[in-house]
Protein chains: 2
Amino acid sequence: MTSRVTIADVARLAGVSAVTVSKTLNNTGRISDDTRARVLRAVQDLGYIANPAARSLRGARSNLIGMVIPELMSPYFAELARAAAESAGEAGLDLGVFTTSRDPARERQRVAALTGGMADGVIIVVPTDDAAHLAILEKSRTPIVLISHFGAKTDLPNVRADSYHGACAATRHLLGLGHTRIGFVAGAVESTQAQERLRAYRDTMRERGLLDPELIRPGNFTQRRGFTATHELLALKEAPTAIFASSDATAFGALDAVKDRGLRVPQDISVVGFDDIATASQSHPALTTVRHPIRQMSEQALNLLASAFQGQDVRGTQLDHHSELVIRDSTAPPRTT
Amino acid sequence: MTSRVTIADVARLAGVSAVTVSKTLNNTGRISDDTRARVLRAVQDLGYIANPAARSLRGARSNLIGMVIPELMSPYFAELARAAAESAGEAGLDLGVFTTSRDPARERQRVAALTGGMADGVIIVVPTDDAAHLAILEKSRTPIVLISHFGAKTDLPNVRADSYHGACAATRHLLGLGHTRIGFVAGAVESTQAQERLRAYRDTMRERGLLDPELIRPGNFTQRRGFTATHELLALKEAPTAIFASSDATAFGALDAVKDRGLRVPQDISVVGFDDIATASQSHPALTTVRHPIRQMSEQALNLLASAFQGQDVRGTQLDHHSELVIRDSTAPPRTT
DNA sequence: TTGTAAGCGTTATCAA
DNA sequence: TTGATAACGCTTACAA
């Protein structure tokens, strides 16, 4: 509990002024080798660390990027945070991650603190869809980038990926393999992404005249529901030969259920997931799934921030990505009876 | 891109002094209702947010707890961060999470920034085991709590859980069920936790005279390795009737491998994991595993910080937890031949 | 009830 | 090459 070591302490010990210490540490201005050495030693001895608050107050960069994100337990968000931390690190920036638990008030408060001088830039993942709030954010002096904002129109730069195209591709993949009875396990009803996935499946199936409401089961993104829904589906008189699950977790549940019935994936039943979480490639068989270009999105968000730092006007930037099908080992042509 | 709104702007608009604004906002001193109303309106109109840097510099609380953690991809760390964020939220504090990617230099730098005024308290998860560095941290004016520090002796409060007891309990559980041939899939060799798990298994098996080196397979915590190692184990002439995996991911691989051989869990083969990640209860069968009291540990870390805020001396506090066996559906008595 | 003055630790500017 | 000074935005003590 020593009281804080300040630049004045260092200056005193080194026998110079505070300004000289500052210059030495920031490599600004000319400093004699001798002085530099004395200062550096004093810094060492005292374990001096510049007070970031004072620095930031003085207008200096904090080198901190704040990421405000709903939660970290879902692999999707965790991966987003990891990728952003990596991109930030490469740019010599720190990334601080703040979770909101989807509480709009908390989100507002944290964004305010971050934009209020604590951070050089802020990334908001799935921001609360509140036009009034977004209008305030647009006026922020600190650059803000949105990730996965699908709501009200805003000038804030936005990076996002849709679920529709990937889900279409997955359905077509199954169709192309020869499947005609394809079961679908939906995601949580309130999720716009889940709705898009279902819409894509519906559109694609209807296009081929293969849409059968019986094959669509409600779900909630969980593994447990994937298990039960798949059991329901496979118990049908005209059972499907493939299952498209709205999330990888749900697909894992489907995998479990298929095996539970003594069937094999993909020989007897094909399974497709959505998200491409880290464990998707590690299951047996490895899961065919749909992936959002998470790394790329994080990178672009960081790049957008970097551009803003350099004074570029990034308002109105909208970077849209498609989700992409990742074919692994859980899909194959249907068993020829 | 409006330039920053300061307390002076608010004061001007409200027709009062900056001090009055400050007092109003912080509920300190007496302010007439009329003035208060005018100030609040001005704050609203201007969208004023106090600059946290200036606040912090002035010595005020930042209400921010910093958590420095190796990474967020592993469910264990993600859960730790989530639990801490929750505990912090309940205490009216924000939690900022900073990942180090296990880079000691990065860790030092981030801790320095955090303790240097940015945060009111810092939690370091699995700190770099460097006595010199820890000695510096001990002098920090900002309270620091360690989670899962197993290295050099330090005065810093430390909350941790061992793997040994839980692993012993798991092995005994299997033994108690009647298993005598128990396979073990190890974790990454460099992990001290993995070493403890293996040691526990060894000690317990040896105690019963059932230790057989052939049953111990190297691993790396991955699902993939759990799959291959289990195949190796089950191909043995005297195959085990139970598998103890050093992580849940590895256990999932084991589950896959058992099913891959046309066997059932737990009827034919029992499987035990370690960690109790969120998906452990969602697999089929639900996984018997060993859990660290993560929530409790995060809570205690926050409490320790809170105590330190109140001036209590928490130096030397060491909170040790045992890991605990969670029995689910992946274990049963061995098939009676 | 309100305001004046001082200072938190740092750095940019300018003078020496 | 070095240092004195001012300023960043805020809050606490003290005075009015």
Side-chain angles (χ1 to χ4, degrees), chain A residues 2-40 42-43 46-64 112-113 115-118 120 141-142, chain B residues 2-40 42-43 46-64 112-120 141-142:
Chain A
T2 53
S3 101
R4 173 157 201 88
V5 177
T6 76
I7 202 170
D9 299 321
V10 177
R12 202 170 309 122
L13 181 58
V16 298
S17 76
V19 176
T20 303
V21 175
S22 174
K23 280 177 179 160
T24 305
L25 262 20
N26 297 300
N27 281 317
T28 163
R30 329 214 141 279
I31 302 288
S32 72
D33 288 351
D34 177 50
T35 308
R36 170 183 305 281
R38 280 214 316 286
V39 169
L40 260 21
V43 167
L46 262 27
Y48 167 74
I49 306 280
N51 181 329
R55 263 208 166 131
S56 147
L57 184 54
R58 196 62 193 69
R61 297 270 306 266
S62 67
N63 276 337
L64 209 216
T115 56
M118 186 171 147
D120 292 342
R141 199 182 53 147
T142 303
Chain B
T2 53
S3 105
R4 173 159 202 86
V5 178
T6 75
I7 201 172
D9 300 322
V10 177
R12 203 171 307 124
L13 181 59
V16 298
S17 77
V19 177
T20 302
V21 176
S22 172
K23 280 177 179 160
T24 305
L25 263 21
N26 298 300
N27 282 316
T28 163
R30 331 215 139 278
I31 302 287
S32 72
D33 288 351
D34 177 51
T35 309
R36 171 183 306 281
R38 281 215 314 288
V39 169
L40 260 20
V43 167
L46 261 27
Y48 168 74
I49 306 279
N51 181 328
R55 263 211 166 128
S56 145
L57 185 54
R58 197 62 193 72
R61 296 269 308 264
S62 66
N63 275 338
L64 208 216
L114 256 7
T115 56
M118 186 170 149
D120 292 342
R141 199 182 54 146
T142 303

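Numbers restart at 1 for each chain; the letters A, B, ... are given by sequence-line order, proteins then strands.
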Partner residues of [X] under the side-chain contact (heavy atoms from CB on, under 4.5 Å) criterion, sequence neighbours left out:
X: B/A113; value: none
X: B/D34; value: B/S32, B/R38
X: A/A112; value: B/I49

A/L25 versus A/Y48, closest heavy-atom pair with distance: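 Answer, listing the atom of A/L25 first, then A/Y48: CD2-CE2, 3.6 Å.
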What is the minimum heavy-atom distance between B/V39 and B/V10, and which atoms define it?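 Of all heavy-atom pairs spanning B/V39 and B/V10, the closest is O-CG1, 4.1 Å.
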Roughly, in whole Å, what's the span from CD1 in A/I31 to P in C/dT11? 13 Å
Can you tell me how far P of D/dG3 sits from CZ of A/R30, to the nearest Å?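 Rounding to the nearest Å, CZ of A/R30 and P of D/dG3 are 17 Å apart.
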Using five pairs at either end of the helix from C/dT1-D/dA16 to C/dA16-D/dT1, determine the angle between the two local helix axes and round it to 10 degrees.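 End axes: 40° apart.
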Can you list, in residue-number order, the parts of residues 13-20 of chain B that come under 4.0 Å of DNA chain D, counting heavy atoms only?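 Close to the strand are B/V19.
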Close side-chain approach of B/L114 and B/T142, heavy atoms under 4.5 Å: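 Answer no - side chains too far apart.
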Any side-chain heavy atom of B/R36 sitting closer than 4.5 Å to one from B/N27? yes
Working to the nearest 0.5 Å, report the span between [atom1] of [X] and [atom2] of [Y].
X: B/L46; Y: B/I7; atom1: CG; atom2: CD1; value: 12.0 Å
X: A/R58; Y: B/L57; atom1: CZ; atom2: CG; value: 12.0 Å
X: A/S56; Y: B/N51; atom1: OG; atom2: CG; value: 6.0 Å

Between B/T28 and A/R36, which has a closest nucleotide on DNA chain D that is more 5'?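 Looking at DNA chain D, the more 5' nearest nucleotide goes with A/R36.
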N/O donor to acceptor pairs below 3.5 angstrom from side-chain atoms of residues 11-19 of chain B, sequence neighbours left out:
unit_1, atom_1, unit_2, atom_2, d
B/R12, NH1, B/D9, OD1, 3.2
B/S17, OG, B/V19, N, 3.4
B/S17, OG, B/T20, N, 3.3
B/S17, OG, B/T20, OG1, 3.2

Which residues pass the side-chain hydrogen bond (donor to acceptor under 3.5 Å, both in side chains) test with A/T24, sequence neighbours left out?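 With neighbours one apart ignored, the set is empty.
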Phosphate contact (D/dT2 OP1 or OP2) by A/S32 side-chain N/O below 4.0 Å: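 A/S32 to D/dT2 OP1/OP2: side-chain N or O found under 4.0 Å.
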Are any protein N/O atoms closer than 3.5 Å to N/O atoms in nucleotides 7-10 of chain D? If there are, list each pair with its distance.
unit_1, atom_1, unit_2, atom_2, d
D/dA7, N3, A/R58, NE, 3.1
D/dC8, O2, A/R58, N, 3.4
D/dG9, N2, B/A54, O, 3.4
D/dC10, OP1, B/Y48, OH, 2.5
D/dC10, OP1, B/N51, N, 3.2
D/dC10, OP2, B/I7, N, 2.4

Among residues two or more places apart or on two chains, list those pairs meeting salt bridge (Lys or Arg N to Asp or Glu O under 4.0 Å) that have a residue in residues 15-29 of chain B. none
Mind listing the N/O atom pairs, protein and nucleotides 14-16 of chain C, below 3.5 Å?
none

